[in-house]
Amino acid sequence: RYEYIFPISLTRTNLINTGVNMNRALAIIIVCCMGFSLFAGETVKLSGQFRHRYEYSAMDFNSDTDADTYQYLRTRLNIAFNPSEDLEAFFQYQDARKMGEESNTLTDASADNLDLHQGFVKMKNLFGKPLDVKLGRFEAVYGPQRLIGAVGWHNFGRSFDGMIFTYHTAMMDVDFINFKTVENSDDDLDVWVRGVYGNLKLENYKTQAFYLLDDERGTFGLYAKGQIIPGLSHETEFAMQNGEAGGEDLNGLFYAFNFTYDLNGLKLSAGYDHVSGNDEDTEDNEAFNTLFATNHKYYGSMDYFLNIPVHTAELGLNDIHVKLSGLSVAGIGVNAAYHIFTSEFDNSNGDSDFGSEIDLTFVKKYNENVKFVGGFSMFMPGDLMSGDDNATWAYLMTIVNL
């Protein structure tokens, strides 16, 4: 049995308030954990990830504009504690930056991009009951991430402050979530996300029912994924929104259907997503809000529709898509996707065409720890986009897992 006592508080607020440099604090943590690992065997595990991404961006639909290039760097250190089967703690420190943003390469030694991305404790079988609790700051992923996701593509990623209680039964696991997204000195202005996710335990089939309350906006629905016949599977999600946001009554609707045929690892899928827009002839606001979704995963790699309904001007979004994955050419994995984007309602000019997008992704594994991911995308704008020329975007990403 090993007892670990830290001589300093590791909360980010205390570090800032006491003037302790975050770089020095992180170095102390690493040294302590390395020492713990020597004595505690498998109790403490260190891991990490280095990710660099170069991007070429010509996305303004104007061919006369010069393209921009960016480089993003994300470095993560993971510290996992597992002193027993029913107790675990996890800390993930992250430095995420756009390369070159610190203008003085000699004198800028501050840790302004360093953050505690995750820091939580998980206790299982609480008081001998089939109840788990996860408490702290952590990433949260539910269903296919259409409403709550970790947004791993983003250089920062998303994490929540709060807790999750999970109750286990023979037929179902139920998560009760309680996240705090806004803290104010006036408790009436605090914002909470609360909800319930029920996961049915079905063999070779995933089914969820959920209800989320984001401040005064309620979202409820169903998710199902499974095999129809050998080789053919489906994924379906449906959700409705009600309640109030911004002083308006809500009545939003979302649904998605996706079918995938698997031929010995080569997968061809086709589907349709509908995100409702606002009908200006009604009193309610019918524009569906995708909340904390990983929209990069669904609505095109070029991210024109990350923040829905803001990026659709509350006109709604229809996405007809075809995707191919599992193809290998000369040892390089190749994935392709094609999207046709339209709105549910016309704008003031009677237009409803956002445009179409082609996405190509290439994956090359170097060894067990290193892989390279590249991509090229082109967006052909419709009348709803602010320009007439095709937009292009490309990237090359290096991922090193340690």
Side-chain angles (χ1 to χ4, degrees), residues 42 45 47 78 80-92 117-152 157-181 192-215 217-228 233-243 254-258 260 289-295 297-298:
E42 297 299 320
K45 293 184 178 180
S47 61
N78 307 323
F81 298 82
N82 294 100
S84 68
E85 292 184 359
D86 293 336
L87 177 63
E88 64 179 82
F90 183 77
F91 301 91
Q92 185 176 66
H117 184 62
Q118 296 191 80
F120 64 85
V121 173
K122 185 174 182 179
M123 293 169 281
K124 302 178 182 179
N125 302 312
L126 199 62
F127 303 115
K129 304 296 183 181
L131 179 67
D132 303 341
V133 59
K134 189 175 185 179
L135 175 64
R137 180 175 179 81
F138 45 80
E139 293 182 346
V141 173
Y142 282 96
Q145 304 188 53
R146 292 182 183 273
L147 295 175
I148 296 181
V151 199
R158 174 182 286 124
S159 53
F160 291 92
D161 300 328
M163 62 187 71
I164 301 175
F165 289 92
T166 304
Y167 187 75
H168 304 278
T169 70
M171 294 293 297
M172 178 186 297
D173 292 332
V174 184
D175 280 9
F176 301 90
I177 68 175
N178 191 357
F179 304 150
K180 195 170 193 177
T181 56
W192 296 83
V193 178
R194 299 181 171 98
V196 180
Y197 267 83
N199 301 275
L200 290 175
K201 296 179 180 179
L202 301 175
E203 186 176 359
N204 299 323
Y205 213 89
K206 185 174 184 178
T207 304
Q208 291 182 335
F210 55 85
Y211 176 76
L212 297 171
L213 184 62
D214 173 28
D215 199 12
R217 174 174 47 213
T219 305
F220 59 94
L222 298 168
Y223 169 70
K225 180 180 181 180
Q227 183 174 274
I228 302 173
S233 61
H234 83 97
E235 185 178 52
T236 305
E237 189 162 12
F238 167 85
M240 296 185 67
Q241 279 180 344
N242 56 21
F254 161 81
Y255 55 85
F257 302 95
N258 194 72
T260 300
N289 190 300
T290 56
L291 302 180
F292 309 99
T294 304
N295 283 335
K297 182 180 177 181
Y298 293 102

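Heavy atoms only: backbone and side chains are in, while hydrogens, waters and symmetry mates are out. By convention here, the first residue in the shown sequence is residue 1. What you see is a predicted model, and the numbers here were worked out from it, not measured in a lab.
R158 places a side-chain N or O within 3.5 Å of a backbone atom of F292 that can act as its donor or acceptor partner. When atom types are taken as modelled, the side chain of Y298 and the backbone of P144 share a donor-acceptor pair closer than 3.5 angstrom. A side-chain donor-acceptor contact under 3.5 Å links Q145 to the backbone of A150. Under the 3.5 Å distance criterion, the side-chain polar atoms of T260 are left unmatched by any main-chain donor or acceptor of S233.
Among residues two or more places apart in sequence or in another chain, the ring-ring contact (aromatic ring centres under 6.0 Å, His included) test is passed with Y205 by H234. Shown here are the salt bridge (Lys or Arg N to Asp or Glu O under 4.0 Å) partners of D161, two or more places apart in sequence or in another chain: R137. For the salt bridge (Lys or Arg N to Asp or Glu O under 4.0 Å) test, residues two or more places apart in sequence or in another chain that qualify with E139 are R76. With sequence neighbours excluded, the residues forming a salt bridge (Lys or Arg N to Asp or Glu O under 4.0 Å) with D173 are K201, listed by chain and number. Judged as a side chain to side chain donor-acceptor pair (under 3.5 Å), and not counting sequence neighbours, D215 has no contacts. In this structure F179 satisfies the ring-ring contact (aromatic ring centres under 6.0 Å, His included) test together with F138, F160, sequence neighbours excluded. For the salt bridge (Lys or Arg N to Asp or Glu O under 4.0 Å) test, no residue two or more places apart in sequence or in another chain qualifies with D132. Residues forming a ring-ring contact (aromatic ring centres under 6.0 Å, His included) with Y223 (at least two apart in sequence, or on another chain): none. Applying the side chain to side chain donor-acceptor pair (under 3.5 Å) rule to Y142 yields the partners D175; only residues at least two apart in sequence or on another chain are considered. Contacts of Q92 classified as side chain to side chain donor-acceptor pair (under 3.5 Å), with partners at least two apart in sequence or in another chain: N78, Q118. Not counting sequence neighbours, N242 has no partner by the side chain to side chain donor-acceptor pair (under 3.5 Å) test. Among residues two or more places apart in sequence or in another chain, the ring-ring contact (aromatic ring centres under 6.0 Å, His included) test is passed with F220 by none.
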Please test T290 against N295 for side chain to side chain donor-acceptor pair (under 3.5 Å), starting from the C-alpha separation and ending with a verdict. CA-CA 8 Å; T290 56; N295 283 335; 3.1 Å; yes
For F91 and F81, run ring-ring contact (aromatic ring centres under 6.0 Å, His included): C-alpha distance rounded to whole Å, both residues' side-chain angles, the deciding distance at 0.1 Å, then the answer. CA-CA 9 Å; F91 301 91; F81 298 82; 5.8 Å; yes
Let me see the working for R146 and E237 under salt bridge (charged side-chain N to carboxylate O under 4.0 Å, His left out), right down to the final yes or no. CA-CA 9 Å; R146 292 182 183 273; E237 189 162 12; 3.7 Å; yes
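When all heavy atoms of L291 and L147 are compared, the pair lying nearest together is CB-O, 3.7 Å. What you find for A239 and T219 is that their closest heavy atoms are CB-CG2, 4.2 Å. Of all the heavy atoms in T294 and G149, the pair that sits closest is OG1-CA, 3.3 Å.
More than 12 heavy-atom neighbours from other residues, nucleotides or ligands sit within 6.0 angstrom of NZ on K297.
With ring centers used as reference points, F238 lies 6.0 Å or more from Y255.
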